[in-house]
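For reference, the structure is listed below as structure tokens.
Note: hydrogens, waters and symmetry copies are ignored here, and every other heavy atom, side chains too, is used.
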Amino acid sequence: MVEHLMYAAIGFLLAALLAIMVMPLVHRRAVRLTMARLQSALPQSVAEIQADKDLLRAEFAMGMRRLELALEEARNKCARQMIELGKRNDAINKLKEQREALKVEIITLRAQLKAAASRPAPRSTSQTNVSVVRQWGADGILR
């Protein structure tokens, strides 16, 4: 049993020794790849830096122009909708005026009907007035 523990400890120590020997190689490779990636990401000259700045300015200007166009389109759409609402309000007001005029006309006709019904009429036209009153009814509703 002690032998098994000694073999396990020797194996563990050999694995640790191999890891310590390989670790600097892996570390150097990671450092080299990271440095290469950073150098490729950074601009190499002042001209490249200026080109990057110009590209950012152009992208910003294009974005602003798109926003301006969208804003203008939204304003135009709002104006068209306001015009349409104005037209509809005019139509509604005209219909309200017509309704009020028709109400006045109905009231006038009802008053004339009541006046005609209460007046004694000549014998020949009396039958006509009674039929008109029967058609409209006493409350002014057409039957």
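A salt bridge links Arg65 and Glu68; the closest N-O separation between the charged side-chain nitrogens and carboxylate oxygens is under 4.0 Å. Salt-bridge formation is detected for the pair Arg80/Glu73: a Lys NZ or Arg NE/NH1/NH2 atom is positioned less than 4.0 Å from an Asp or Glu carboxylate oxygen.
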Stepwise side-chain contact (heavy atoms from CB on, under 4.5 Å) test for Leu56 and Glu59
CA-CA 5 Å; Leu56 288 173; Glu59 288 175 355; 4.0 Å; yes
Side-chain polar contacts of residues 7-36 - donor-acceptor pairs under 3.5 angstrom, sequence neighbours left out - could you list them?
{"unit_1": "Thr34", "atom_1": "OG1", "unit_2": "Ala30", "atom_2": "O", "d": "2.8"}

Pairs of donor and acceptor atoms involving the side chains of residues 85-99, under 3.5 Å and at least two apart or interchain, shall be tabulated with distances.
{"unit_1": "Arg88", "atom_1": "NE", "unit_2": "Glu84", "atom_2": "OE2", "d": "3.3"}
{"unit_1": "Asn89", "atom_1": "ND2", "unit_2": "Leu85", "atom_2": "O", "d": "3.4"}
{"unit_1": "Asn93", "atom_1": "ND2", "unit_2": "Asn89", "atom_2": "O", "d": "3.3"}

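Under a 4.5 Å side-chain heavy-atom criterion applied to ILVMFWY residues, the cluster that includes Met62 comprises that residue alone.
Enclosure of atom CD in Glu100 by more than 12 non-hydrogen atoms of other residues, nucleotides or ligands within 6.0 angstrom is indicated.
Distance CG/Leu102 to OG1/Thr108: 11.0 Å, rounded to 0.5 Å.
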